Amino acid sequence: MKVLVAVKRVIDYNVKIRVKADKTGVETANVKMSMNPFDEIAVEEAIRMKEKGKATEVIAFSAGPAQCQETIRTALAMGADRGVHVLSDAELQPLAVAKLMKAVVDKEQPGLVIVGKQAIDDDSNQTGQMLAALLGWSQGTFANKLEIGEGVAVKREVDGGLENVMLKLPAVITTDLRLNEPRYASLPNIMKAKKKPIEQLTSEALGVDVAPRLKTLKVEEPPTRKAGIKVKTVAELVEKLKNEAGVI
Amino acid sequence: MTSPLINRRDLAFVLYDLLDVGAFTQQARYADHSRETFEAAIETAHRLALEKFHPHNAKADKNEPTFDGNTVSMIPEVAEALAAFRDAGFFAPTKDYELGGMQLPLTVAQACNAMFQSANIGSAGYPFLTVGAANLIESFGSQEQKSLYMAPMLAGRFFGTMCLSEPQAGSSLADIRTRAEPQPDGSYRVIGNKMWISGGDHELSENIVHMVLAKIPGGPPGVKGISLFIVPKRTVNPDGSVGERNDVRLAGLNHKMGYRGTTNTVLNFGEKGGAVGYLLGQPHRGLEYMFQMMNEARIGVGQGAVMLAYAAYLFSLEYARGRPQGRAPDSKDPASPMIPIVEHADVKRMLLHQKWVSEGGLHLCLYAASLVDRIAMAGDAAQKARLELLLDTLTPIVKGWLSEVCLKSNEHAVQILGGYGYTRDYPVEQYYRDQRLNPIHEGTDGIQAIDLLGRKMAIKGGAGWNAVKAEIARAIAIAEAHDELRPMARDLAGLVETVEATRATLLGAMGKGQASLALANAFHFLDLFGLLVMGWMWLWQASAVRDLPPPATAEERAFRAGKLAACRYFFTYEVPRSAYLASMLVRLDDTMLSMRSEWFA
């Protein structure tokens with residue numbers, strides 16, 4: 001069984017995000033970029049499946065500018081076998097990415113697709129679900145544990161607890177934080193990754209319309225948090241929660 | 001600021017703009033490499049250091065290892081960090097692909113090590129010793145020794161140590177008493193006590209490979225009778241499996257001021273008749289072999305000192321930017337808001353001092369590593385010999401002088417935090433305590449000073465000094481091309497002449513049988529020579545900044561302005577100290593030599 005994993009190039013989680021002066025987006029020039037942490041978990045899970053003999057090949061997919069190859073290369077250094085890069089300098093929204101992935105799935109015929117539940121830049125949490133819908137496959141989102149047998153048993157993180165579902169294959173999985181702890185790209189594997197192939201495609205060649213369906217009006221910093229006050233008594237606190245905050 | 005470990009822009013500047021490691025990839029050995037593979041290795045090191053080493057740095061300090069008479073215990077995070085370190089391949093970054101390595105140049109591997117040293121010097125100590133011990137076996141061991149001991153060390157399964165000192169013989173290795181008695185099967189029985197053995201016992205690895213200096217009975221006296229032995233904690237069977245406990249016992253752990261994450265031990269060899277040991281290389285050449293490990297270790301200690309200074313610098317800088325206190329002296333309005341302490345000139349003094357130490361020190365340490373690489377890549381024997389002399393001459397500065405100025409740098413970090421810096425709630429006091437080891441181990445700074453003046457300045461008719469002079473002359477010529485750097489270039493040229501004259505006077509005295517008098521002030525000569533080398537590094541950095549293409553961002557402009565300011569600080573406040581040092585040295589002052597024990601108190 002082939003496993004396809006998606007890896008998104010995002011601003012590194014350590015970087016303090018700055019909004020562009022014209023409020024059209026966030027500053028990405030000269031900013032350190034790395035793989036979306038949820039996608040690292042997806043890559044790790046796929047590699048573990050291969051190590052256990054449950055998967056035969058792990059393909060890392062990314063869509064975006066030329067530098068996405070670096071992100072794919074990181075996945076290859078972790079242990080993925082080869083890469084597929086859809087080159088695009090346009091803004092890619094979740095629906096466009098899902099459509100591109102569907103085209104690649106049609107071509108590659110994987111038995112399982114694993115993606116991060118969301119990317120830490122736009123927090124959309126949509127691509128996996130959209131892809132499952134486009135493919136007509138079952139989906140197991142927010143996976144906390146996976147077990148491949150006849151189908152795939154997924155433990156999902158849901159509000160208030162964990163839910164166990166059994167999916168038929170093929171399926172789309174989205175990863176949650178506790179699924180695994182991703183490995184580091186080891187030094188020997190960084191060298192091996194150089195020799196692994198990355199196929200480059202375009203949205204035109206795949207026949208996918210990637211035009212944005214949503215328009216961004218304005219991007220702003222969240223309002224700075226106001227200083228708090230100290231209350232003297234519990235009664236005063238309850239009074240304020242009731243009358244000022246209106247939460248009880 | 002995104003990393004508490006190192007300024008990544010500064011590291012890239014040193015590697016690519018100053019040392020040009022990108023050019024190494026033209027060598028066949030590094031043909032598969034590129035800046036991208038170097039950066040991928042550094043990125044892995046940075047993340048691993050930040051996520052696995054940095055978080056338990058304070059915890060390992062507060063919970064030092066304990067010994068119950070049988071087993072050493074320590075916090076579990078150390079083993080977890082070292083397992084991740086092993087899985088990522090950091091025990092063998094420079095080794096051949098076939099040995100599980102990445103064939104990285106040492107310069108890049110040392111840049112990776114810098115992350116671990118900055119994040120957690122205690123936990124970084126174990127692999128540091130292991131790699132050094134494995135390199136010894138690689139250089140001088142038999143095929144069998146390589147497969148039984150070196151290979152599992154490079155795989156991170158066995159750890160290593162260096163066992164030189166004994167309770168009665170620390171700096172004075174000629175006086176060691178540990179003996180190795182030959183056995184009919186070709187092995188030896190090692191009997192004796194070793195002191196200050198870092199990583200001497202723990203449960204972090206399947207086995208510990210001790211590299212032990214001992215004397216074979218009947219050999220020549222003094223250092224010429226010292227041989228080097230492989231003595232494993234557990235014997236290793238011919239098939240590579242780990243066997244019984246060898247006769248090596250942990251007598252106890254030393255309770256240290258800092259560096260607490262690394263166990264430091266007293267080891268007894270041969271309590272029950274003799275520990276099984278295997279001779280490495282030829283008999284009686286042990287100290288010569290061990291010098292390979294010691295020279296590597298000295299560069300490593302210098303870099304460890306720099307990274308402790310660097311981590312403290314970054315922390316105190318962040319603190320100074322966020323701590324409002326007082327107002328500018330010319331501010332008249334007491335109701336105006338307080339300014340962050342980074343705006344006070346005296347705090348800038350301490351930050352500038354830390355900046356030249358940390359960034360200049362990193363440059364010097366990686367330059368030393370690049371010399372090791374260039375020695376390996378040298379096309380002809382003469383070039384190789386010249387580079388070796390250059391490295392040998394700089395080693396006492398890397399180890400001895402840097403560990404002195406880095407300690408001072410850590411003191412400034414504590415001072416910037418004031419009372420907070422003196423508490424255990426902030427990391428700067430730990431960095432300071434950790435740093436305090438560096439002037440002591442791998443040859444005290446007093447030993448380094450005597451090595452520099454008594455040996456390195458004199459060997460081969462001063463060829464080492466000439467090699468340093470030639471490099472500095474080149475740096476001066478490059479700086480002369482920039483109007484604003486010319487005054488500093490001339491100061492450095494003047495300093496070269498000062499050192500030249502001082503060296504001639506001191507070596508002259510030694511030649512006339514006044515070795516004790518000439519060496520009495522060796523420590524001050526080390527200081528003088530350190531100023532010269534650090535001045536060279538900073539002039540080199542300033543020239544490189546001036547030769548870069550125009551900056552693209554405000555951050556880059558600030559980075560470059562900071563480099564030029566640190567260079568200016570060094571030449572304004574530090575280089576002039578050379579005048580008084582030199583005047584005292586050329587007088588052959590005997591204040592210290594003539595002082596008598598009974599006069600002290």
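So you know, we letter chains A, B, ... as the sequences are listed, proteins then strands, and number each from 1. Small disclaimer: the values here were computed from a predicted structure and weren't measured.
Counting heavy-atom neighbours within 6.0 Å of B:R9 CZ, excluding the residue itself, gives a total above 12. For A:E147, the CD atom counts as loosely surrounded, since its 6.0 Å shell holds 12 or fewer non-hydrogen atoms of other residues, nucleotides or ligands. Within a 6.0 Å sphere centred on CD of A:E27, heavy atoms belonging to other residues, nucleotides or ligands number more than 12.
At a threshold of 4.5 Å between non-hydrogen side-chain atoms, the residues A:R183 and B:D87 do not count as touching.
Note: B:T553 OG1 to A:N30 CG = 5.0 Å, rounded to the nearest 0.5 Å. To the nearest 0.5 angstrom, A:Y184 atom OH is 10.0 Å from B:F90 atom CZ.
Of residues 24-35 of chain B, those residues lying under 4.5 Å from chain A by any heavy-atom pair are B:D32, B:H33, B:S34. Identified by a heavy-atom distance below 4.5 Å to chain A, the contributing residues of residues 42-49 of chain B are B:E43, B:T44, B:R47, B:L48, in residue-number order.
Note on A:K32, A:K192, A:R73: by heavy-atom pairs under 4.5 Å with chain B, the leading option is A:K32. Taking B:A88, B:A92, B:C112, B:P93 one by one and counting their heavy-atom pairs under 4.5 Å with chain A, the maximum is reached by B:A88.
Interface remark: B:E555 contributes side-chain atoms only to the contact with chain A (heavy atom separation under 4.5 Å).
Smallest separation of non-hydrogen atoms from B:G89 and A:P188: CA-CD, 4.3 Å. When all heavy atoms are compared, the tightest approach of A:L187 to B:A41 is CD2-CB, 3.7 Å.
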